[in-house]
Amino acid sequence: MSVAAMPKDVSRPDSGNNKTLVEINGLRRVFDLSKPWLNRLIEGGGKVTLTAVDGVDFAIREGETYALVGESGSGKSTIAKMTVGLLRPSAGSVTIGGTDVWGSKDAEGMRAMRRQIQMIFQDPFASLNPRWRVRAIIEEPIKAFDLISDAKDRGERVGELLSLVGLDPRDGQKFPHEFSGGQRQRIAIARALASNPRFIVCDEPTSALDVSVQAQVLNLLRDLQERLGLTYLFISHNLAVVRHVATRVGVLYLGRLVEEAPARELFASPQHPYTKMLLEAVPDIEMGGSERQSIAGEIPNPVNPPPGCHFHPRCPQAMDHCSRDIPPVYHVGAANVRCHLFGDAKRSAR
Ligand code: SF4
């Protein structure tokens, strides 16, 4: 069954777990796009910077799937890379299981934490070494973290992991090119599970796959979460996919979190004008997956974002001060919303 053909009421309830595993505070990333100093001196022109992530705060509780959604250029993948330790933030912090990913001086604690974090990428073929057999690919993290020293036991563990993701243990002898796209993503998931992680960042894990196999991979991720107690940060531009997997959703626009809510509330009652616009563009399931309405306007150039609320040039409800003042975050029901429309609501501490 494809994602588009899934029943409409697939939103997942809040996990109910109150124990926070991941905390992101004031996360910011600025890229310097300037020409080299000598070129600027000869040709003129100043420094050019791009703020990809601009003061993002959120927390992920154990066992939940927190989805970050937004159009291309919203900062989703930059946040994912800073969360797993691949890209240093310009400011702010990422704490996982009590350990500061970027600030801890405790080498032993850092090694233990790194074992507990894994990432699944968009393109399974690019993320698997084409010259290695599947067994070598999956056992690499087991060796890197010294989890099983005996080669025979490691082979058995690889077979178990292949079975866990719905493949045959004998598939370990094959190379990645001998598999379909969906099977390759299963191998990438088995590799991610090899170090017994608690937290997995899934960066658009189904967007490179045929629509027909997307639902199978999403169902596998949900099943593994329930069996192994995993926590996910799920990055996607596709709200139909997010609706199927997420327990909480954060909506990003030009590097700022504009709405955050439990998935059921967000899909039933979106608050921010941008979230409403994104939901209007989700394929209409009853109409056989046809587009309902495209998102109005283009995402502005992030090098020179609109002042005040970044969304004001596209917002049908924009007011005078929206182009001047950055909106604070307000509590609206179960949601946190960054929008001047809710000026009478209680402001969030975030
Ligand atoms: Fe629209 Fe103003 Fe709200 Fe921004 S702050 S989303 S421009 S109403």
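Numbering starts at 1 and runs along the sequence shown. Indexing begins at 1, ligand by ligand and atom by atom, following the structure's order. Atoms considered below: every heavy atom in the structure, side chains included; atoms not considered: hydrogens, waters and symmetry mates.
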Check your understanding: In the protein, what heavy atom is nearest to atom 5 (S) of ligand 1, and what distance, to one decimal place, separates them?
Key -> H340 N, 3.3 Å
Exercise for review: Could you tell me whether K152 and D150 have a side-chain N and a carboxylate O separated by less than 4.0 Å?
Suggested key: no
Check your understanding: Less than 4.0 Å between a side-chain N and a carboxylate O, is that true for R111 and D146?
Key -> yes
Exercise for review: Look at atom 3 (Fe) of ligand 1 and say which protein heavy atom is nearest, naming residue and atom and giving the distance to 0.1 Å.
Suggested key: C339 SG, 2.3 Å
Check your understanding: Would one find more than 12 heavy atoms of other residues, nucleotides or ligands at under 6.0 Å from atom CG of D32?
Key -> yes
Check your understanding: N25 side chain to D57 main-chain N or O, any donor-acceptor pair under 3.5 Å?
Key -> no
Check your understanding: How does H272 reach ligand 1, if at all, at less than 4.0 Å between non-hydrogen atoms: by side chain, backbone, both, or neither?
Key -> side chain
Check your understanding: Got the closest protein heavy atom to atom 1 (Fe) of ligand 1, with its distance?
Key -> C315 SG, 2.3 Å
Review point. Would C322 count as a contact for atom 2 (Fe) of ligand 1, in the sense that one of its N, O or S atoms lies under 2.8 Å from it?
Key: yes
Point to revise | Heteroatom test (N, O or S) for C309 near atom 4 (Fe) of ligand 1, limit 2.8 Å | key: yes
**Study point:** Numbered atoms and elements of ligand 1 in range of P273, under 4.0 angstrom, heavy atoms
**Key:** 6 (S)
**Study point:** Option among P270, S269, C339 that satisfies the side chain to side chain contact (heavy atoms under 4.5 Å, CB included) test with T275
**Key:** P270
Practice item. State, yes or no, whether a side-chain contact exists between R248 and E260 at a heavy-atom distance under 4.5 Å. Key: yes
